[in-house]
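Below is one structure, written out as structure tokens; the observations come after it.
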Amino acid sequence: MPDVSIVPDTVNERLLTTTGDSQLATHAALWLIISVLILPIALAAVYSTQTTNAVYQITNVFPGSALVENYTTVLFEYNFGQYMWNSFVMATVVIVGKLVFSLLAATALVYYDFRFQSLIFYAILFTLLMPLPVRIVPLYQLMADIGWLNSFAGLTSPFIASATAVFLFRQQFRSIPASVVETAKLDGIGPIQFLINVLIPMSKGMIAGVTAIMFISTWNAYLWPLVAIIDRTNQVAQVGLRYIQGTGAEGFVQWNLVMAAGILVLIPPLIVLLVARRYLLSTLGGGE
Amino acid sequence: MARIELESLQKEFGETVAVNDISLSVPDGEFLVLVGPSGCGKSTLLRTISGLESQTSGDISIGDNRVTNVEPKDRGVAMVFQDYALYPHMTARRNMTFGLDSHVSMSDDEIEQAVQDVGETLGIGDLLDRTPDALSGGEKQRVAMGRALLREPDVFLLDEPLSNLDAKLRDQMRAELTQLHERIGTTTIYVTHDQTEAMTLGDRVAVMNDGEIEQVESPQVLYDEPASRFVAEFIGSPQMNFLPVDVEGRSRPTVTTLQRHLTSPFPTPNETSLPATDNAVLGVRPEDLYLAQETEDDSFAGPVEMTVTLHETLGDSVVLHGTVANERIRIRTSQRPNVTAGDTIRVVVDPTRLHLFDSDGDTLAHAAEKMVQTV
Amino acid sequence: MTEQHSRLQVFTSNWQAAALLLPTLALIAVFLYYPFLETVQLSFYQLRVLGSGEWVGLQNYVQLFESGAYRNSLVVTVLFTAATVTASLFLSLIISFLIHEANRFTNLYLVAAIWPYAMPIAVAGIVLDFLINPRIGVVTWAIEVLTGFQFAWQTNGALALVAVIIAAVWQGLGYSIIFMTAAFNQVPDSITDAAKLDGIGRFQRLFRIYVPLISPVLVFLIVIQTIGAFFGGFALIDLMTSGGPSNATNVLMFNLYQDAFLNQRFGYASAQSIVLFGFVAVLMYVQLRVTDRYAYYGGA
């Protein structure tokens with residue numbers, strides 16, 4: 001708010017009216033919008049506590065009595081405990097793999113000079129044009145041929161090489177002042193030591209941001225697990241939703257359980273977003 | 001023993017020649033300053049000596065070793081950068097010791113002690129456990145120097161280390177640098193664009209222009225006997241006055257300038273003769289011009305009438321800008337003349353402080369004088 | 001390669017560089033380039049069983065162009081994409097603008113607005129599946145009670161598309177808001193102050209001043225969201241509509257899945273993959289050219 005005491009009155013009036021009451025409208029609008037955004041999930045959470053009878057009463061939007069019962073049923077009878085574990089393992093493997101491989105690759109691309117360096121970088125970037133749907137058929141065939149279907153290896157390997165991560169880390173490394181790098185060179189420090197003791201500590205924010213983004217996108221992956229996993233016990237949580245939605249006698253889905261499953265599956269990425277939002281925002285928004 | 005020898009050193013970047021066939025000897029223990037305008041190649045030369053850039057041709061020796069193709073870490077050099085180059089996530093202590101192993105072999109205890117000693121010497125003993133974001137500019141620069149000192153190098157290379165500091169701090173650190181050098185005595189090459197810094201710090205100063213060294217001498221000699229117009233222009237503030245001039249006479253030459261308003265004898269060393277020419281340039285420093293009223297020395301040439309256009313107060317002296325016969329002149333005097341723009345003053349010249357350059361910028365002669373002996 | 005960047009190249013060993021790049025390049029070769037090239041090859045075959053088939057040249061592509069079902073998918077996808085991207089970007093713009101204008105609670109608003117980014121698309125699908133369920137969904141009930149309108153999206157094709165679009169927009173807002181708020185934050189305060197001093201109204205400010213200033217980010221988002229919409233609808237469709245009713249929501253991606261894994265027509269599906277690739281390539285190219293242009297004019 002500008003210092004209104006030094007500004008002539010007519011201007012004061014205009015500033016106050018354009019900023020004063022419009023703030024009220026702004027906040028009101030925002031609260032309304034946010035309520036709309038949250039409403040469906042809030043309802044889902046409420047429904048996840050109801051008994052099946054209650055959930056079929058359309059006008060019953062009040063918390064029910066079956067919270068513990070619903071969630072334990074979903075976790076154990078419907079195997080969501082197992083599915084979520086699978087999702088965690090998948091996410092962990094993918095994240096660790098992506099981080100290690102991309103950091104190494106970015107180091108090579110920034111701190112070395114060799115023939116075809118640009119070409120290799122563009123070859124990596126070019127893979128952005130090859131999202132899963134464009135390669136899914138042969139990928140499936142490949143996994144079938146090498147016997148990796150239905151395994152963690154098959155589930156995770158298509159995701160580990162990441163052009164985006166390489167691109168982001170390369171950009172991050174390039175922003176480190178040349179004099180810091182030259183100081184290390186003058187001391188004869190080797191590349192791995194340099195990566196571990198200098199580059200990674202100086203890139204913590206971006207690493208955290210990339211990790212958060214990767215967790216969310218890996219956890220939320222649907223199509224590839226659907227295709228690559230055959231035994232239900234090996235399946236990830238997202239596809240588990242498909243299972244639980246299809247249960248129940250014809251036309252009689254236990255929606256309270258489905259909602260509970262949905263809430264369960266939502267929680268981990270939501271927590272990651274909330275905890276790491278600063279890093280995620282600066283990585284995506286570009287340094288703020 | 002750590003003298004430095006550069007033999008016909010050449011560094012090119014594609015088409016651009018940054019360092020042009022430079023040969024230079026730096027005796028052991030000397031504090032040599034490389035000074036020149038932006039783009040003259042001084043930083044490139046420094047970086048080539050360090051090994052961060054590899055030369056296009058030529059040789060470098062440090063001490064008894066030819067280091068031309070040797071890795072930077074094996075050359076026995078330590079470098080300090082303009083932006084301090086500290087690792088932001090490490091403490092000052094860790095910044096200084098990281099990477100030390102490849103230079104000296106000391107036990108952990110010895111390193112501890114050495115860090116403490118260096119910290120005390122530089123006045124940062126209490127700050128060693130802080131990270132760079134908790135240090136001021138001057139403190140960061142000291143940490144950078146501490147890092148260099150710990151490596152016990154044969155040669156210190158300093159690339160404009162004081163340029164990021166404010167003026168007062170710079171003065172203070174300059175004095176400290178000089179004291180440090182007197183105590184430790186390591187051969188040092190120091191790059192700066194500031195000629196005051198160069199003059200006050202260097203045992204010798206090398207003035208660079210366009211990839212070449214125009215002159216390398218002690219500061220006083222550079223000031224009194226600049227080898228070219230470029231050096232004369234670069235060294236000394238305010239800048240030397242340059243006037244078109246006619247040279248007459250053989251063994252007792254006289255110079256005439258300012259549309260014949262000023263004629264002065266030009267005493268030459270050993271009374272050698274000067275060629276007669278009407279195509280030369282006379283150089284005279286503002287401090288070698290005097291107000292007619294402040295001196296009784298009748299060997300001084302002039303007076304000429306100068307119309308004042310600007311009065312600058314420096315505190316200990318006054319610089320007056322003005323014109324004489326359509327030439328712009330600056331005079332610096334320790335008097336406090338009560339003049340402003342539009343006033344006229346009468347100016348005289350000390351003939352023993354004149355310099356003569358030809359139209360290509362080479363020095364023709366310096367007037368003979370009672371020079372201050374360089375010690 | 002600027003001088004600054006060449007100063008960074010402090011290591012010289014080529015084999016070290018190779019070792020550092022090898023893992024990434026190996027994975028890329030095996031799991032990205034190889035399958036991609038295989039897709040191209042497969043698209044020229046007709047396969048019933050993986051591993052054996054006959055070369056049919058461009059027949060698959062011809063079939064695609066002549067296929068009413070495929071054309072339908074194309075139309076559905078274009079509609080879905082256009083509606084999702086437009087609605088999503090428009091809403092994100094308003095929301096980001098409001099957050100930028102608010103003088104307090106901005107962090108709270110931001111988090112509350114971007115949380116859908118974390119929401120799995122499958123969750124969005126099943127939650128809405130229930131909430132707007134024509135028989136027992138509370139939202140459909142409320143709509144009917146208030147307006148008399150029956151939101152029968154399980155039987156009405158157009159309404160099914162609307163339902164899916166709503167789910168997609170809901171989930172996709174977070175991503176756009178993240179980028180747009182960052183872009184808004186980069187607009188200097190002085191511009192806002194100057195506009196306010198001139199008494200320029202809120203929405204004038206938004207559309208006449210801010211939108212041009214953040215246009216590079218808008219273009220980026222349009223391209224990314226479009227590409228995402230081409231592919232990302234899959235989980236929603238699978239969970240909510242299975243492509244129906246009567247193929248009304250059979251987007252290209254879903255059609256591909258069905259042909260590949262349900263109908264076992266691998267060659268035909270591969271041809272569809274290549275067509276999708278074509279779309280993505282064109283869109284990415286457009287994005288590159290447009291941001292280049294803005295770079296020249298010093299866009300934000």
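Below, chain A is the first sequence line, B the second, and so on; all start at residue 1. Note that these values count all heavy atoms, side chains included, but never hydrogens, waters or copies made by symmetry. Note that the structure is a prediction, hence the values are computed from the model and not measured.
- In this structure, C:Leu37 has no side chain to side chain contact (heavy atoms under 4.5 Å, CB included) partners at least two apart in sequence or on a different chain.
- Both the backbone and the side chain of C:Ile99 come within less than 4.5 Å of a heavy atom in chain A.
- When each of A:Leu39, A:Thr107, A:Thr59 is checked for heavy-atom pairs under 4.5 Å with chain C, A:Thr59 comes out on top.
- For C:Val10, the side chain to side chain contact (heavy atoms under 4.5 Å, CB included) partners two or more places apart in sequence, or in a different chain, are A:Val181, A:Lys185.
- Ranked by non-hydrogen atom pairs under 4.5 Å with chain C, the options A:Pro158, A:Gly262, A:Ala161, A:Pro133 are led by A:Pro133.
- How far CG of C:Leu206 is from CZ of C:Phe203: 7.0 Å, rounded to the nearest 0.5 Å.
- Across C:Ile274, C:Val139, C:Ile178, C:Leu283, the residue that shares the most heavy-atom pairs under 4.5 angstrom with chain A is C:Ile178.
- Of the possible polar contacts, none joining the A:Asp187 side chain to the A:Ile189 backbone as a donor-acceptor pair under 3.5 Å is found.
- With chain C as the partner, the residue from A:Ala163, A:Ala212, A:Ala123, A:Ser162 showing the most heavy-atom pairs under 4.5 Å is A:Ala123.
- There is no side-chain donor-acceptor pair under 3.5 Å between C:Arg135 and C:Thr140.
- Between the side chains of C:Asp238 and A:Tyr222, at least one donor N or O lies within less than 3.5 Å of an accepting N or O.
- Of the two parts of A:Pro40, the backbone and the side chain both hold a non-hydrogen atom closer than 4.5 Å to a non-hydrogen atom of chain C.
- Between chain A and the options C:Phe277, C:Trp115, C:Phe234, C:Trp141, heavy-atom pairs under 4.5 Å are most frequent for C:Trp115.
- A:Ala44 touches chain C through its side chain: at least one heavy atom from C-beta onward sits under 4.5 Å away, while N, CA, C and O do not.
- Among A:Ile33, A:Val180, A:Leu103, A:Leu223, the residue making the largest number of heavy-atom pairs under 4.5 Å with chain C is A:Leu223.
- Pairing each heavy atom of C:Tyr117 with each of C:Gln171, the nearest pair is O-NE2, 3.8 Å.
- If you measure heavy-atom distances from A:Leu226 to chain C, the contacts under 4.5 Å come from the side chain alone.
- Looking at A:Tyr47, only its side chain comes within 4.5 Å of chain C, counting heavy atoms on both sides.
- Note: C:Phe261 leads C:Tyr257, C:Phe179, C:Phe261, C:Tyr175 in heavy-atom pairs under 4.5 Å with chain A.
- With 3.5 Å as the limit, one finds a donor-acceptor pair spanning the side chains of C:Gln16 and A:Tyr112.
- When heavy atoms are compared at a cutoff of 4.5 Å, A:Ser118 does not approach chain C at all.
- Counting heavy-atom pairs closer than 4.5 Å to chain C, the top-ranked of the candidates A:Met259, A:Gln238, A:Arg277, A:His27 is A:His27.
- Looking at C:Leu256, only its side chain comes within 4.5 Å of chain A, counting heavy atoms on both sides.
- Per-residue heavy-atom pair counts under 4.5 Å with chain C were compared for A:Leu142, A:Val272, A:Ile160, and the maximum is reached by A:Leu142.
- In this structure, C:Pro35 and A:Pro138 approach most closely via the heavy-atom pair O-CG, 3.2 Å.
- Using modelled atom types, no side-chain atom of A:Gln245 and backbone atom of A:Val258 make a donor-acceptor pair closer than 3.5 Å.
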